Amino acid sequence: MSGQAVKPLRLAVLISGRGSNMLSIARECLAGRLAAQLALVLADQPAAPGLAAAASLGLAVQSVDPARFRQEGRLDKAGLEAAMAQAIDAANPDLIVLAGFMRVLSPAFVAHYAGRILNIHPSLLPRHKGLHTHERALAAGDAEHGVSVHYVTAELDGGPVVLQARVPVLPGDDVASLAARVQREEHIIYPQVIDWIARGRLQCIDGKLQLDGAPLAAPLQRTAGAT
Ligand code: GAR
């Protein structure tokens with residue numbers, strides 16, 4: 001992913017947990033292989049382990065605490081998202097990167113960053129939208145599983161898919177072995193898609209993908225080995 005110098009793309013990376021995808025992107029940036037910089041790592045859980053890992057790399061970290069936005073058991077989602085948007089906008093990012101961010105964003109929040117939010121989802125979309133994708137792939141007897149990087153629209157896990165990595169489901173797989181096989185691919189394809197955006201090769205305009213100036217009619221595919 002090296003090449004001619006380009007202005008680093010400013011990223012706000014949103015996490016909820018471990019943050020291994022965030023760390024894979026951060027390492028590519030810090031190694032100079034990805035023309036981007038993490039302007040902010042924002043978690044919706046103050047105790048998210050990924051926050052400490054990001055801080056130890058010297059990255060700017062912040063969190064919002066959902067408990068502060070809960071009244072009589074009800075979450076003030078608009079208030080929580082306003083706090084998130086304030087932190088994000090202060091970092092002035094070019095791109096919002098959802099990396100294991102486990103909260104459904106409102107249409108208003110998505111519209112505020114239209115065409116500038118990416119997500120990684122652990123399935124071959126449109127198959128297995130939502131949660132527990134590895135369990136569902138195993139229960140369905142899928143021969144193949146994988147991961148998708150897509151732009152975020154108001155429809156949950158429904159925005160245009162840029163790149164998918166496909167992995168086989170092997171005899172004897174359980175959720176842990178399948179998740180690990182998928183996650184190895186996540187750490188390859190997420191930095192790849194961000195690199196295309198950083199180099200001005202990929203855009204999402206009015207919900208339509210353009211790669212190298214031509215419409216991208218179907219998701220690009222990476223087929224991994226059975227390791
Ligand atoms: C990843 O597998 C990602 O695809 C998934 O959460 C995990 C986060 O891992 N995202 C979703 O399920 C979004 N619906 P990480 O915290 O180690 O990057």
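On a predicted model such as this, the values are computed, not experimentally measured, just so you know. We count ligands from 1, going down the list as the structure has it; atoms in each ligand are counted the same way.
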Next item on the list: Assess the side chains of His121 and His150: does a donor N or O sit below 3.5 Å from an acceptor N or O?
Entry: no

Notebook entry, point to check: Starting from atom 1 (C) of ligand 1, which protein heavy atom do you reach first, and at what distance in Å?
Noted result: Glu186 OE1, 3.2 Å

Next item on the list: With heavy atoms only and a cut-off of under 4.0 Å, state how Met22 meets ligand 1: side chain, backbone, both or neither.
Entry: neither

Item checked: Heavy-atom nearest option to atom 8 (C) of ligand 1, drawn from Ser148, Gly100, Gly130 -> Gly100

Note to self: Check contact between Ile120 and ligand 1, using heavy atoms of the residue and a distance below 4.0 angstrom.
What the structure shows: yes

Note to self: I need the nearest protein heavy-atom contact for atom 9 (O) of ligand 1: residue, atom name and distance, please.
What the structure shows: Gln183 NE2, 3.3 Å

Next item on the list: Report, in ascending order of atom number, the atoms of ligand 1 lying under 4.0 Å from any heavy atom of His121.
Entry: 14 (N)

Checklist line | Shortest protein contact, atom 12 (O) of ligand 1 (heavy atom only) | finding: Pro122 CD, 3.4 Å

Notebook entry, point to check: Going by heavy atoms, is Gly19 under 4.0 Å from ligand 1?
Noted result: yes

Margin query: Are Ile15 and Phe101 packed together at the side-chain level, in the sense that at least one heavy-atom pair is separated by less than 4.5 angstrom?
Written below: no

Checklist line | Minimal non-hydrogen separation, Asp89 against His112, with atom names | finding: OD2-NE2, 3.1 Å

Next item on the list: Return the residue, atom name and 0.1 Å-rounded distance of the protein heavy atom closest to atom 15 (P) of ligand 1.
Entry: Ser20 N, 3.4 Å

Item checked: Which atom of Val182 lies closest to which atom of Gly146, heavy atoms considered -> CG1-O, 3.7 Å

Note to self: Closer than 4.0 Å to some heavy atom of Met102 - which atoms of ligand 1 meet that?
What the structure shows: 11 (C), 12 (O), 13 (C)

Next item on the list: Over all heavy atoms of both residues, which pair between Ala54 and Val61 is shortest? Give the atoms and the distance, please.
Entry: CB-CG1, 3.6 Å

Next item on the list: Report yes if the side chains of Arg74 and Gln71 come closer than 4.5 Å at any heavy-atom pair, otherwise no.
Entry: no

Margin query: Ignoring hydrogens and geometry beyond distance, is a side-chain donor-acceptor pair present between Gln164 and Gln221 at under 3.5 Å?
Written below: yes

